[in-house]
2 protein chains.
Amino acid sequence: MTKEKSEPEAVALAVEPGVQRPRERIFVCAQDLFHRRGIRGVGVDAIAEAAGTNKMTLYRHFGSKDELILEYLNYKGRKSDEVWTEIEAASPGDPIGQLYGFVDKAAKFIAEDERGCDLANAAVELTEEGHPGLRVIEEFKVRQRDRLARLCGAAGASRPELLADALVLLIEGARVSRRSVGTEGPSANLVRTSKAVIASFGVPPRTKHRSQPKAANRRIHRGK
Amino acid sequence: MTKEKSEPEAVALAVEPGVQRPRERIFVCAQDLFHRRGIRGVGVDAIAEAAGTNKMTLYRHFGSKDELILEYLNYKGRKSDEVWTEIEAASPGDPIGQLYGFVDKAAKFIAEDERGCDLANAAVELTEEGHPGLRVIEEFKVRQRDRLARLCGAAGASRPELLADALVLLIEGARVSRRSVGTEGPSANLVRTSKAVIASFGVPPRTKHRSQPKAANRRIHRGK
DNA sequence: GAGGTTTGTTACCGATCGGTAACAGCATTG
DNA sequence: CAATGCTGTTACCGATCGGTAACAAACCTC
């Protein structure tokens with residue numbers, strides 16, 4: 001099992017000590033390391049060191065690694081919730097625009113980050129059945145889907161619940177596919193596919209397209 | 001980090017020693033443990049013990065844990081390839097039937113097993129960049145998608161490559177969603193969604209439906 | 001300046017990690 | 001029978017795991 005640290009590998013986030021309290025630095029570094037190396041792939045020592053502090057201080061603020069994991073998962077869920085307010089602010093009172101905005105945003109996240117959904121990844125890593133983190137993940141995913149279903153309904157979809165499930169599958173699949181085969185794989189067609197599915201549910205294309213992507217490089221087949 | 005073994009937990013596979021050579025027993029147990037607890041969640045000692053042998057014998061057959069992982073990933077890919085021959089045998093000369101059979105089979109696998117795709121899970125766990133296992137995973141996923149694209153073309157889809165990508169996203173998403181929110185989540189609508197997408201690409205419904213699922217319990221909305 | 005709180009430091013703990021050396025037992029095959 | 005090749009056993013290696021005790025230094029507040 002070849003290890004992957006030894007060197008500080010560009011020093012996680014270069015959190016200079018003093019600018020924030022240790023607890024904040026620890027939490028920020030834990031997010032970054034959990035995201036990049038996985039929950040089981042990083043130890044508490046590495047987190048503390050990346051945060052410019054030590055293990056003892058970590059354990060004073062987070063009773064255990066599991067507690068830190070829980071706070072990490074809850075934070076990721078909260079941060080994803082905030083994206084919704086962004087989407088609503090971008091197309092106020094325009095559910096159709098919000099629906100397409102949601103898909104666009106998901107595609108952008110996927111293109112920019114190779115590690116996929118932190119919560120879904122955590123669900124793969126937390127194999128001890130009954131781990132409290134699994135509940136956090138499930139609750140978030142259900143909340144996200146229901147919110148999307150409501151939006152689909154507001155946009156006039158014929159069967160909003162079914163459309164929401166379809167979009168969830170497409171986006172979730174794009175995240176994991178992007179991890180396995182990269183940006184050139186099936187995830188490259190997420191937006192195109194989603195729009196086709198949305199249209200097949202009777203939702204019209206968005207009218208006031210406030211940021212149409214530049215019409216260049218529209219390709220369906222990846223090079224092969 | 002609460003551990004999850006201590007007890008032999010129903011003794012992995014109850015591989016009685018003697019019936020197979022140690023190498024086979026080790027490999028079978030490694031598959032089961034990697035699948036259930038994740039690659040990083042199980043050590044070589046646990047594998048050897050579950051196989052009724054010891055670590056030394058394991059290392060005589062597999063030079064390292066990484067080699068064992070590689071053989072595991074390659075085996076999983078090969079086994080998935082075999083599913084294709086089953087599908088073709090079930091609907092010989094009937095690409096449309098094979099296409100629907102592919103979706104049905106995926107849905108069945110997802111309903112029966114909560115752990116999702118072993119290869120996709122491994123891609124999440126193998127975070128050390130450049131790990132040889134990642135290449136195995138990518139090659140398999142590309143191979144699988146291209147095969148599906150060819151089938152979509154044979155079935156008369158209007159844009160077979162795009163349909164293949166859409167189906168890959170749906171299925172991949174269903175696997176990961178099933179892990180996060182269970183069988184009652186969006187993955188419950190995988191078949192329904194896939195059929196709608198397939199139809200929207202101009203592929204007619206299958207004619208010689210050789211095993212129509214019992215018309216009962218067809219529900220779109222899960223209870224909420 | 002005194003008091004209490006938050007930190008850093010060092011040294012531990014038992015357990016597990018991946019991996020190896022040396023040797024004894026056992027079976028097969030000639 | 002002897003020789004060879006698997007296998008099991010034990011003990012070990014250095015490193016890391018999650019987690020803790022004890023004490024000194026720094027800090028902030030009054």
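The shown structure was predicted, so the numbers you read here are calculated from the model rather than taken from an experiment. Quick note on labels: first sequence line is chain A, next is B, and so on, each numbered from 1.
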Sugar-phosphate means primed atoms, P, OP1 and OP2; the rest is base. With that split, encode nucleotides 20-30 of chain C 5' to 3' as B, S or - using protein heavy atoms under 4.0 Å.
BBB--------
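Contact annotation: Thr53(A) side-chain N/O to dT7(C) OP1/OP2 distance is not under 4.0 Å. For Thr57(B) and dG8(D), the shortest distance from a side-chain N or O to OP1 or OP2 is below 4.0 Å. Within the 4.0 Å cut-off from OP1 or OP2 of dT7(D), at least one side-chain nitrogen or oxygen of Arg21(B) is found. Regarding contacts with the backbone of dC6(D), every side-chain N or O of His61(B) stays at 4.0 angstrom or more from both OP1 and OP2.
For Glu128(B) and dG18(C), the CD to C1' distance is 12 Å, given to the nearest whole Å. Nucleotide dT16(D) holds its P atom 12 Å from the CZ atom of Arg37(A), rounded to whole Å. Summarising the geometry, the separation between CG on Asp45(A) and P on dT9(C) is reported as 14 Å, rounded to the nearest angstrom. As rounded to whole Å, 13 Å separates atom C1' of dT7(C) from atom CG of Leu58(A). Across the protein-nucleic acid pair, Ile26(A) atom CD1 and dG18(D) atom P stand 14 Å apart, rounded to whole Å. The nearest whole Å value for the distance from the CG atom in Asp66(A) to the P atom in dC17(D) is 15 Å. In this structure, Arg23(B) atom CZ and dC6(D) atom P are separated by 13 Å, rounded to whole Å. One interatomic measurement links the two molecules: CZ of Phe62(A) to P of dT7(C), which rounds to 11 Å at whole-angstrom precision.
Under the side-chain hydrogen bond (donor to acceptor under 3.5 Å, both in side chains) criterion, Arg115(A) pairs with no residue, sequence neighbours left out. When the side-chain hydrogen bond (donor to acceptor under 3.5 Å, both in side chains) test is applied to Lys105(A), the partners found at least two apart in sequence or on another chain are Glu86(A).
Remark: Asp104(A) does not engage Lys108(A) in a salt bridge, criterion side-chain N to carboxylate O under 4.0 Å. A salt bridge is defined here as a Lys NZ or Arg NE, NH1 or NH2 lying under 4.0 Å from an Asp or Glu carboxylate O, and Glu71(A) with Arg23(A) meets this definition. Ionic pairing of Arg143(B) and Asp81(B) is present here: one or more N-O contacts between side-chain nitrogen and carboxylate oxygen are shorter than 4.0 angstrom. A salt bridge does not link Arg78(B) to Glu82(B): none of the charged nitrogens lies less than 4.0 Å from a carboxylate oxygen.
Aromatic ring centroids of Tyr72(A) and Phe27(A) lie 6.0 Å or more apart.
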